[in-house]
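When a ligand or atom number is given, it counts from 1 through the structure's own listing order.
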Amino acid sequence: MTPSVLFVCLGNICRSPLAEVAMREEARRVGLEVVIDSAGTGNWHAGEPPDPRAQAVAQKNGVDASALRARQVTRGDFTRFTHIVAMDADNLANLRRLAPTNATAELSLLLDHVPRREGQSVVDPYFGDDDGFDVTWADAVAGARGLIQTLRASG
Ligand code: 4NP
């Protein structure tokens, strides 16, 4: 079965869109077939493109994130995706609360897939300066690479 991954943060305009495009790029690079999407636990930014700083860091790293549009997580996501990957511990706690009883998706933190970074959160760059987005990008790429290893090990 083709794996499917939903990346989740709070607003779906900074961290999870970067994880989404980093994962697309890494999966393409290694030839892994995987369905990829992202969403936010909150709905304040629904319908919006990624934060301009997130678009800029993606662009700087050769990836276009401009076409993405934010959406909120739905209960249906818990059965539509095989994996739901949260950016931070708060997102993960909220996902566990939202999960319907018939949920089948496996929940984890992005950095659980990176050796020696298990349990760590991707820092929210929204209220910080531009440099924070370079950190987010590095975490997104490391997480994507690790997640590919996880998917290969379980597939
Ligand atoms: P994200 O960042 O969860 O990585 O998309 C945030 C975006 C918006 C807000 C907070 C975090 N906000 O408070 O609007």
Side-chain angles (χ1 to χ4, degrees), residues 3-28 34-100 103 105-148 150-151:
S4 50
V5 179
L6 180 69
F7 295 104
V8 174
C9 62
L10 179 59
N12 193 209
I13 56 167
C14 297
R15 292 166 292 176
S16 61
L18 290 178
E20 176 179 347
V21 294
M23 184 69 177
R24 277 190 207 291
E25 181 62 14
E26 293 301 319
R28 187 191 60 76
V34 53
V35 172
I36 304 164
D37 195 6
S38 66
T41 56
N43 71 348
W44 314 284
H45 297 282
E48 294 178 15
D51 184 286
R53 298 165 295 174
Q55 291 191 46
V57 80
Q59 192 83 49
K60 192 165 89 176
N61 288 280
V63 181
D64 183 12
S66 65
L68 301 184
R69 293 296 178 267
R71 72 169 180 89
Q72 191 171 25
V73 174
T74 68
R75 289 164 65 81
D77 287 327
F78 290 87
T79 46
R80 280 207 304 135
F81 291 90
T82 58
H83 295 75
I84 300 183
V85 179
M87 296 299 117
D88 70 32
D90 285 344
N91 309 147
L92 185 59
N94 285 325
L95 285 168
R96 291 201 197 288
R97 255 199 301 278
L98 272 170
E106 211 170 292
L107 300 185
S108 61
L109 288 170
L110 181 68
L111 294 177
D112 283 345
H113 303 279
V114 181
R116 292 176 300 283
R117 298 198 61 190
E118 298 90 346
Q120 292 183 17
S121 291
V122 177
V123 174
D124 184 349
Y126 185 68
F127 295 105
D129 58 22
D130 289 6
D131 291 353
F133 284 77
D134 290 312
V135 176
T136 307
W137 179 257
D139 284 353
V141 172
R145 289 181 179 157
L147 183 55
I148 285 171
T150 301
L151 294 178

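No donor-acceptor distance shorter than 3.5 angstrom exists from the side chain of R53 to the backbone of D129, with no hydrogens or angles considered. Side-chain atoms of Q72 never come within 3.5 Å of backbone atoms of G40 as a donor-acceptor pair (strictly under, hydrogens ignored). Not one N or O on the side chain of E25 forms a donor-acceptor pair closer than 3.5 Å with the backbone of M23.
Assignment of H45 to the shell around ligand 1 is supported, since a heavy atom sits closer than 4.0 Å.
Looking at D124 against ligand 1, only its side chain comes within 4.0 Å, counting heavy atoms.
Looking at ligand 1, you won't find any N or O of S16 less than 3.5 Å from one of its N or O atoms. Here's the thing with C9: none of its N/O atoms is less than 3.5 angstrom from an N/O atom of ligand 1. In terms of N/O distances under 3.5 Å, ligand 1 is not approached by W44.
Residues D88 and N91 bring a donor and an acceptor atom of their side chains to less than 3.5 Å of each other.
What sits closest to atom 13 (O) of ligand 1 on the protein, heavy atoms only, is F127 CZ, 3.8 Å. In terms of protein heavy-atom proximity, atom 12 (N) of ligand 1 is nearest to Y126 CE2, 3.5 Å.
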Run H113 and S108 through side chain to side chain donor-acceptor pair (under 3.5 Å) and show every step you take.
CA-CA 8 Å; H113 303 279; S108 61; 2.8 Å; yes
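Taking the side chain as every heavy atom from C-beta outward, R24 and V63 never approach each other to under 4.5 Å.
For ligand 1, the atoms closer than 4.0 angstrom to any heavy atom of C14 are 1 (P), 2 (O), 4 (O), 5 (O).
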